[in-house]
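Here is the structure we will look at, set down as structure tokens.
Only heavy atoms go into these numbers, but all of them, side chains included; no hydrogens, no water, no symmetry mates. Throughout, a chain's letter reflects where its sequence line sits, starting with A, and its residues are numbered from 1.
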Amino acid sequence: MLTLSSQLNTYLIMGAVLFGFGIFGLLRRPSLIGMLIAVELVLSGASINFMAFNRFLAPDPTVGQIITLFIMAIAAAEAAISLSIVIAVYRNYKSIEVEDLVELKG
Amino acid sequence: MNPSLFSPEGLAGIIFLILIGVTILGAIIATCTKRLIRSVTGLAVCFVGVAGLYYFLNSPFVAMMELLIYVGAVCVTIAFAIMLAEPDEARLARKISGLSGGLAAICGGAIAFALGYAAVNGTWMAAPAARANDGSLKMIGESLLTRYSMVFELISIVLLVAIIGSMALARGGRREE
Amino acid sequence: MEQQALLDLLYVAAFTLCGLGFGFGPLLIVYLFSPRGTRNLVNKTRIPIECGMETIGPAWIRYGIVYYLYALMFLAFDVDVLFLFPVAAVYNDFPGMRGFVEIVLFVAVLSLAIVYAWNKGVFKWERKVYQQQ
Amino acid sequence: MSGYFKEIITGLKSLAIGLQITNKEFFTKPITLQYPHESVKMTPRYRGHIELVKDPQTGTHRCIACGMCEKGCPTGCITVQAEKREGVKGKVLTAYILNFTTCSLCGQCVENCKPEAINFSNEYNLASTRREDYIFNLLQKLHPEGVPEPEIDPELLKKEREKKEAAKKEPAKKAAAKEGGESKAEEKS
Amino acid sequence: MNELIRLLAYMLGIAAFLGLNLAYLGWVERKGAGHFQRRTGPKEVGPYGLLQPLADGLKLMSKQLVVPTNADRPLYMCAPILIMVPSVLLFVAIPFGEHLVPREFNFGLIMMFAFASMAGLSILIGGWGSGNKYSLIAGTRAVSQNVAYEIPMLITAINIVLITGSLDLNEIVRQQGSYIWNWNVFRLDKSILMPVSFLVFFICSLAETNRTPFDLGECEGELVAGYHTEYGGMGFGLFMMAEYANLVIGCSLTTVLFLGGWQCPFGLFPGPHWFLLKMYFLIWCFVWIRWTYPRTTFWGLLNLSWKYLIPFSLVNLLLTALFIKVF
Amino acid sequence: MPAEQPQEAAAPVEVQAEGEGEGKPKPKAKKEEDAPPRKNGLIETEYAKRGAHLDVQINPDQVVSAAEFLDGEGMTLEMVTGVDWIKENQFEVIYDYSYTGGQLLRVVVRARVDRNKPDIATVCHIFGGANWHERETWELLGINFVGHPQLEHFLLPEDADFFPLRKDFKP
Amino acid sequence: MSSLAQSQLRETFELNIGPQHPATHGVLRIKVVMDGEYIVRAEPILGYIHRMHEKMGENRTWNQFWPNMGRLDYLSAIAYNHCYACLVERAMGIEVPERAEYIRVITAELNRIQSHLLGFGAYIMDLGGFTPLMYAMDEREQILDLLESVTGSRLTYCYFRFGGVYNDIDDDFITGTRAFIKRFRPQIPMYHKLVTGNVILMDRLNGVGPISADLCRKYGATGPVLRGSGVNFDVRRNEPYGVYPELDFDIPVYHECDSMARYMVRMDEMVQSCRIIENALNKLPEGPVMAEKVPKALKPPKGDFHFAVEAARGTFSMRTVSDGTNTSYRMRLRSPTYSNVSLFEEASRGMLLSDALAFLGSLDPVIPEMDR
């Protein structure tokens with residue numbers, strides 16, 4: 001048990017678990033912000049995978065880290081944009097729930 | 001093979017287990033609570049765990065940045081957004097229940113299982129015999145200044161566009177009023 | 001993991017424990033020593049404080065678009081920091097002006113966000129006009 | 001742009017001036033009076049609750065129980081109890097009750113008092129958690145060891161006794177005597 | 001094994017140091033406030049009121065933990081603990097002396113900021129969890145302020161990293177040399193704006209610790225008691241203790257980054273005493289400032305950061321980068 | 001304290017006074033005291049004795065036009081007082097106007113309404129400050145200011161159903 | 001209020017500021033409807049310490065009403081005493097000896113300084129600066145000591161009487177007052193350096209809470225509020241009472257109409273009050289302090305009487321309707337803050353919350369006086 005930290009599989013499974021939680025949240029959450037939170041989980045699951053491969057398999061361990069840093073930057077930008085969209089949507093429709101938005105469209 | 005429990009390695013192993021626990025706990029809180037603000041808290045907890053995992057993957061800088069950016073900035077921004085647009089709690093409670101929740105759980109579980117199975121059983125190429133460098137902060141800096149300098153600049157433009165765009169979006173409605 | 005990093009981790013973990021001790025310890029003492037009951041004559045001990053009045057409306061209000069804008073700008077600059085730290089760490093070892101130019105470009109592009117916000121009046125807190133109710 | 005920098009410089013200067021002033025105050029002597037350990041001397045005119053004045057000649061109060069203080073009091077916090085005793089001129093004060101909880105220290109009673117029997121005390125650090133502690137009997141306060149009996153004037157006593165005798169003999173006059181309020185002790189609630 | 005003993009010793013040492021500071025900074029502040037205001041400050045409990053912290057602590061401990069009915073209970077309970085943990089944790093990296101440092105991290109500077117940034121979220125949680133409008137508004141303001149001032153602070157820190165090329169706090173101190181003109185405040189050869197940079201950092205640490213004139217999170221003039229309105233007894237005590245812990249950390253960091261840490265100004269006997277001297281001087285300045293100025297408005301505060309401090313720190317960053325290349 | 005001449009000349013026009021110019025200083029004032037239900041009209045009172053220069057008695061329906069006129073002259077509504085004349089079965093509403101722009105002038109405008117039907121027009125829309133004064137007068141005396149935007153309880157508790165300043169009020 | 005939120009599709013919420021709030025200096029409640037940080041509507045709600053002084057005036061005899069006058073505005077009680085004394089003297093036609101008039105003015109001005117000092121300190125405390133309050137309190141204590149030595153009480157003075165004052169002043173008081181003024185004069189520049197010149201305070205006060213002169217007129221605002229809006233009106237000058245016409249002083253007027261102007265008017269008034277006191281002390285005549293023939297049972301003639309004075313917060317005026325008995329038929333108290341605060345609702349619309357509270361503080365309300 002104590003050597004889990006030096007095995008690739010641990011990280012890959014953790015990545016998969018986070019990814020799964022992300023998908024679960026994405027499907028379950030009725031509201032846009034909740035979905036955004038789930039997306040963040042998905043992204044971090046992916047980042048973990050990158051970092052794990054980077055650590056165990058890559059010849060140049062900087063690349064994975066830089067990719068993760070980029071993911072962070074993109075995630076931040078994505079969060080900013082999507083949250084603003086959510087707020088704009090909320091302002092116009094007084095709701096951030098997906099169902100309502102579908103209804104309002106028709 | 002197993003290190004003794006009280007050696008540094010052993011303690012680190014325990015910490016690792018705790019971190020995994022924290023990550024999964026955070027993920028559960030983030031996805032399963034009703035109130036969005038609690039979800040954000042869960043997300044923050046989850047990110048703390050993920051940062052720990054990064055640390056175990058020999059990249060302390062990325063771990064710290066995970067804390068700084070995700071916990072300190074993204075979570076705060078999401079929390080502010082929630083303050084602006086949280087849906088009715090009672091309505092939310094009614095909505096999350098029954099079938100859709102179950103379906104989502106099955107779906108998420110299946111994907112996680114499939115991925116995990118693939119990861120464990122997959123054949124990965126062998127670890128390289130020699131590493132090009134130690135992947136430390138200095139190395140990251142160096143590659144940012146050399147190989148990835150274009151990306152380095154581009155990311156600033158992406159951020160700028162994102163921020164300006166989101167500001168325009170968030171403020172836009174206000175002007176209409 | 002290297003020995004160095006392991007020890008770092010141990011220290012952080014130990015001090016986290018210490019912090020938790022500082023957090024939980026006082027609460028534990030209070031839990032043990034403080035009175036359980038309260039002289040709750042009018043059943044108002046646990047109502048939220050609103051200057052002695054009953055709270056009007058829900059406590060969780062929708063609030064603060066401007067703060068959100070500030071947070072957005074913060075997000076941009078935080079990411080800025082993310083890339084500047086590694087660059088700054090190696091900046092000295094790099095001969096030539098390339099590094100300088102890159103930093104200038106990077107910072108300049110991001111500063112446009114402030115300039116934009118400044119121009120759009122995010123920093124202005126002017127009196128608003130509301131119709132008489 | 002010059003305005004921008006000028007603003008900063010004048011701002012910082014004003015902040016520095018402020019710091020300088022508080023720093024100067026830091027090294028001046030505090031003016032605190034450590035109240036329970038030391039206390040200020042009250043000015044002679046300080047208006048505490050009222051008290052009966054001790055007449056240095058008679059060694060007792062000068063109150064004639066006329067009730068002017070009671071009438072003048074805006075809050076009705078004074079109650080004067082007096083009775084008629086045999087052989088004593090005027091009424092004898094039995095209790096002078098001040099309900100200090102409602103007193104507003106306006107001084108109407110002191111002004112209204114013809115014989116100058118009451119005055120303000122200098123007492124200011126009154127403290128109690130019970131309301132009853134503020135209902136003073138000023139007569140008792142004046143004579144804590146016991147109220148001295150008023151001197152009996154033998155001549156007056158003789159006269160009064162004679163009057164009484166006469167009144168007994170003449171029931172028709174009784175009513176008139178009563179009305180004058182001299183023969184019976186007067187009770188006040 | 002030796003390492004473990006060392007770890008335990010440092011843990012205990014820091015706990016004792018922190019405990020004393022948390023207790024007596026309150027005393028210092030009240031005493032200072034008293035003397036700034038022509039008063040004497042605490043005087044009754046013990047000689048010079050030195051036992052006052054004990055009395056305060058006893059009072060806080062004997063108070064009931066009241067959770068308001070419509071508070072979000074878990075969040076409400078979490079917040080004071082969450083805010084306390086990073087404050088204590090950060091002491092792990094502070095170099096009190098050349099060899100008196102719990103642990104030299106070679107990424108110590110980022111670590112400080114990374115963990116400190118977690119405080120914002122816990123304030124928000126506390127403000128939200130209280131179920132009170134004042135708390136919510138004040139929490140939002142406090143976080144907004146923390147966030148706004150983190151940027152110039154980070155950029156100034158990057159500036160230091162540019163100069164020293166290291167993220168290790170002890171290394172940063174070591175590089176500053178043992179004479180006053182070698183300290184980063186006066187490194188005019190690296191950038192002529194370094195004193196301004198110090199001022200920026202100082203102001204930011206004032207704001208990050210939520211102290212007057214930047215105590216918008218607890219502005220009693222508007223929002224009763226800010227984000228800890230609903231906290232009584234020990235809940236409030238923890239918030240207060242975290243504030244003081246942050247105060248110590250902020251001043252330590254300023255000392256380390258700008259004032260040469262444990263270095264002596266004239267090259268004699270460097271050691272922890274110099275560090276403590278400088279740190280406590282800064283803390284004293286905080287107290288002094290607190291009892292001199294009125295409070296800013298929250299918009300003045302946010303604008304101060306975005307309009308003045310961030311442009312200044314950015315200019316300074318570029319200037320430093322230029323100076324390093326040119327000279 | 002001299003009263004301003006143009007004011008005096010202008011005032012009677014708006015009050016449509018019957019007995020205008022009855023400004024005999026002392027004897028008039030004294031006579032007026034003896035007969036409380038005074039006739040409508042303008043009286044110049046002696047400032048040193050009364051604290052006002054002009055005293056105007058008008059009908060309740062003229063209150064607004066009086067306020068408009070005085071507003072046009074740049075005067076301030078200082079307070080609104082209600083008096084319960086129970087013997088005459090009337091309420092009197094006294095408006096104190098003063099001039100803050102320069103030379104002092106105090107004008108008292110009085111109107112009497114029937115005690116059984118105490119309705120009088122509000123001057124809120126002319127003088128914003130009248131809002132609270134009228135609200136208070138309504139609350140304490142029960143004089144109904146028609147057109148007042150917010151006749152709600154103000155100083156007294158919200159469930160108070162009495163008018164404490166009425167003379168027949170028993171606590 | 002929910003209808004408001006719906007009708008405008010704006011996210012508003014309601015907030016109570018008060019009655020138990022650090023910024024309101026008492027039990028004033030302000031119900032605020034807010035849109036984010038902005039105030040949509042702020043409605044002051046009064047009555048938490050309503051005592052019905054006006055009814056008391058109908059039940060108490062003229063003499064018995066004295067203590068009430070100290071309990072309206074407990075910070076500048078002497079001005080209220082002054083008004084009541086002059087009102088009844090006007091009704092009864094009592095002549096007051098000149099020495100008594102001078103003493104009245106001296107104590108009233110001392111009281112005004114004291115009130116403004118506390119107003120200054122408390123205002124800065126509202127804005128988050130605690131230290132100036134303590135300095136102001138130090139000076140204020142000196143005044144309270146002086147006033148105590150002559151009136152016998154420290155706050156709710158009941159010093160004046162119909163026809164004069166209760167006690168004569170002695171030499172100790174005169175030398176003490178002179179010494180105080182000598183000591184106090186240099187304090188005001190110190191306050192200006194520490195507080196007024198401070199960039200933080202200037203940011204908070206300049207341009208905050210504008211009230212135009214016309215708004216003041218419409219709402220009957222008086223005192224520093226009116227003079228901060230550029231109207232040169234002071235009862236002491238425009239409707240002189242007592243011996244004010246014989247004394248030499250200026251009326252500070254500021255034209256900025258903002259909170260800073262009102263604050264500055266108060267600061268300058270303290271200087272002017274010092275001048276008045278010195279002036280009056282120099283001119284203080286000898287003689288009695290009580291009129292000789294004041295009837296014990298006061299029965300003013302029928303009719304109504306009005307008197308106005310300049311209290312620390314503005315024009316305080318009384319109107320009494322006498323029916324010739326020993327109580328008044330109707331007693332009306334017009335308190336300055338009542339009118340001053342009544343314009344808060346209109347003037348605060350659209351302000352930021354923090355600005356609104358700075359604005360409220362600049363009106364310097366005293367709650368018992370508003371509630372009466």
Proximal component of [X], with respect to chain B [non-hydrogen, under 4.5 Å]:
X	result
A:M14	side chain
A:A79	side chain
A:T10	side chain
A:I66	side chain
A:S44	both
A:L26	neither
A:I81	both
A:I48	both
A:F21	both

Report yes if some heavy atom in the side chain of [X] is under 4.5 Å from a heavy atom in the side chain of [Y]; otherwise report no.
X	Y	answer
B:F61	A:L69	yes
A:M72	A:L43	no
B:Y148	A:V63	yes
A:F19	A:N49	no

*Run the ring-centre check on A:Y11 versus B:F16 and record whether the distance is less than 6.0 Å.*
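Here the rings of B:F16 and A:Y11 have centres that are less than 6.0 Å from each other.
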*Does CZ in A:F50 sit with more than 12 non-hydrogen atoms of other residues, nucleotides or ligands closer than 6.0 Å?*
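12 or below, so no.
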Among [options], which has the most heavy-atom pairs under 4.5 Å with chain A?
options	answer
B:I163, B:I15, B:V151	B:V151
B:I106, B:I28, B:I69, B:L159	B:I28
B:A30, B:G26, B:G165	B:A30

So which residue, [options], ends up with the most heavy-atom pairs under 4.5 Å with chain B?
options	value
A:S47, A:A52, A:A76	A:S47
A:S84, A:G45, A:A75	A:S84
A:L18, A:I37, A:I23	A:I37
A:V17, A:I85, A:L36, A:L83	A:L83

_Point-to-point distance, once rounded to the nearest 0.5 Å, from CD1 of B:I78 to OG of A:S82_ =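 B:I78 CD1 to A:S82 OG: 8.0 Å, rounded to 0.5 Å.
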*Supply the atom-to-atom distance A:E40 CD to B:C75 SG, rounded to the nearest 0.5 angstrom.*
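Result: 8.0 Å between the selected atoms.
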*Donor + acceptor pair across side chains of B:S39, B:T33 (<3.5 Å)*: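 Present: a donor and an acceptor within the cut-off.
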_side chain to side chain contact (heavy atoms under 4.5 Å, CB included) against A:I74, all qualifying residues, sequence neighbours excluded_ =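 By the side chain to side chain contact (heavy atoms under 4.5 Å, CB included) rule, A:I74 matches B:I155, B:V158.
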_Checking B:I157 now: which residues fulfil side chain to side chain contact (heavy atoms under 4.5 Å, CB included) with it, not counting sequence neighbours?_
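So B:I157 forms a side chain to side chain contact (heavy atoms under 4.5 Å, CB included) with B:V161, C:V109.
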Is it the backbone or the side chain of [X] that comes under 4.5 Å from a heavy atom of chain A, or both, or neither?
X	answer
B:L53	both
B:F113	neither
B:V62	both

*How far apart are the C-alpha atoms of B:Y54 and B:Y70, what are their side-chain angles, what is the distance that settles it, and do they pass the ring pair (Phe, Tyr, Trp, His ring centres under 6.0 Å) test?*
CA-CA 13 Å; B:Y54 287 169; B:Y70 275 114; 8.8 Å; no
